[in-house]
Amino acid sequence: MVGHSFGGLVGLAALRDPTARARVHCLVGLGAAWRGTDNGAWYRPELLIRAIAGESIVELDHPIPEPLCYRDVPVISITSTADRVVPAWSSELGRVIRLDRVRHNELPQRTGEILGALGLN
């Protein structure tokens with residue numbers, strides 16, 4: 001299972017269900033905000049985000065407690081030295097693979113580099 005940004009947290013939440021967890025062999029986060037972010041406080045008003053994206057995104061846009069991991073599903077974090085959206089303290093969980101000079105929004109478009117970093121191509 002692969003999730004980008006807050007999608008990594010959605011994947012992690014899905015693993016709470018034992019039936020779903022039995023079907024997932026690995027969770028890969030691309031710039032995943034495993035521990036939320038602290039970005040909302042300075043560049044996006046919560047009222048606007050709540051109106052557009054909903055309460056759950058507002059909750060994620062703040063630091064959150066340490067995520068729950070499962071021994072039977074390894075987590076791999078693909079991070080970038082150029083990510084200015086999700087800070088390193090939030091994006092590193094499990095095995096960490098760092099890419100150089102890839103912006104946050106470009107991570108999902110770098111399929112070849114990511115497959116290579118995972119040893120899959």
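Residue numbers start at 1 and run along the sequence shown. Nothing here was measured: the structure is a model prediction, and the numbers come from that model.
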Q: Is it true that L107 and L115 fall in one hydrophobic cluster, defined by side-chain heavy atoms closer than 4.5 Å?
A: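 In one cluster with L107: L115, yes.
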
Q: Do I76 and L93 come close enough that some side-chain heavy atom pair is under 4.5 Å?
A: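 The answer is no; the side chains never approach within 4.5 Å.
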
Q: Which atom names give the shortest non-hydrogen contact between A20 and A14, and what distance separates them?
A: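 What the structure gives for the nearest pair is CB-O, 3.5 Å.
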
Q: Please output the side-chain donor-acceptor pairs of residues 3-10 that fall under 3.5 Å, not counting sequence neighbours, one pair per line with the distance.
A:
unit_1	atom_1	unit_2	atom_2	d
H4	NE2	H104	O	3.0
S5	OG	H104	NE2	3.0

Q: Are the side chain of S80 and the backbone of A82 linked by a donor-acceptor contact shorter than 3.5 Å?
A: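 A pair under 3.5 Å: yes.
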
Q: Taking D72 first and then R21, would you say they form a salt bridge - that is, a charged N and a carboxylate O separated by under 4.0 Å?
A: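 Yes.
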
Q: In terms of hydrophobic clusters joined by side-chain contacts under 4.5 Å, are M1 and V28 together?
A: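 No, M1 and V28 fall in different hydrophobic clusters.
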
Q: Should R95 and V75 count as side-chain neighbours, where that means a heavy-atom distance under 4.5 Å?
A: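 With C-beta onward as the side chain, the pair stays apart.
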
Q: Heavy atoms, side chains only, cut-off 4.5 Å: are L15 and L68 in contact?
A: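 They are not in side-chain contact.
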
Q: Nearest 0.5 Å, what's the CD-CG distance between E113 and L118?
A: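 The CG atom of L118 is 12.0 Å from CD of E113, to the nearest 0.5 Å.
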
Q: Using 0.5 Å steps for rounding, measure from the CD1 atom of I97 to the CD1 atom of I78.
A: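 So the gap between those two atoms works out to 4.0 Å.
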
Q: For the residue pair R35 and E66, establish whether any side-chain heavy-atom pair is separated by less than 4.5 Å.
A: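 In contact.
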
Q: Can you find a pair of side-chain heavy atoms, one from L12 and one from L27, that are under 4.5 Å apart?
A: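 They are in contact (side-chain heavy atoms under 4.5 Å apart), so the answer is yes.
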
Q: To the nearest 0.5 Å, what is the distance between CG (L120) and CD1 (I114)?
A: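 If I round to the nearest 0.5 Å, the distance is 11.0 Å.
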
Q: Any chance you could measure S91, atom OG, to W34, atom CH2, to the nearest 0.5 Å?
A: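 It comes to 10.0 Å.
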
Q: So, the side chain of S77 versus the backbone of E92: is there a donor-acceptor pair under 3.5 Å, distance only?
A: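 No; judged by distance alone, with no hydrogens or angles, the pair does not exist.
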
Q: Taking the side chain as C-beta and beyond, is there a heavy-atom pair between T81 and L99 under 4.5 Å?
A: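 No; the side chains remain at least 4.5 Å from each other.
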
Q: Rounded to the nearest 0.5 Å, how far does CZ of R101 lie from CG of D83?
A: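 So the CG of D83 and the CZ of R101 are separated by 15.0 Å.
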
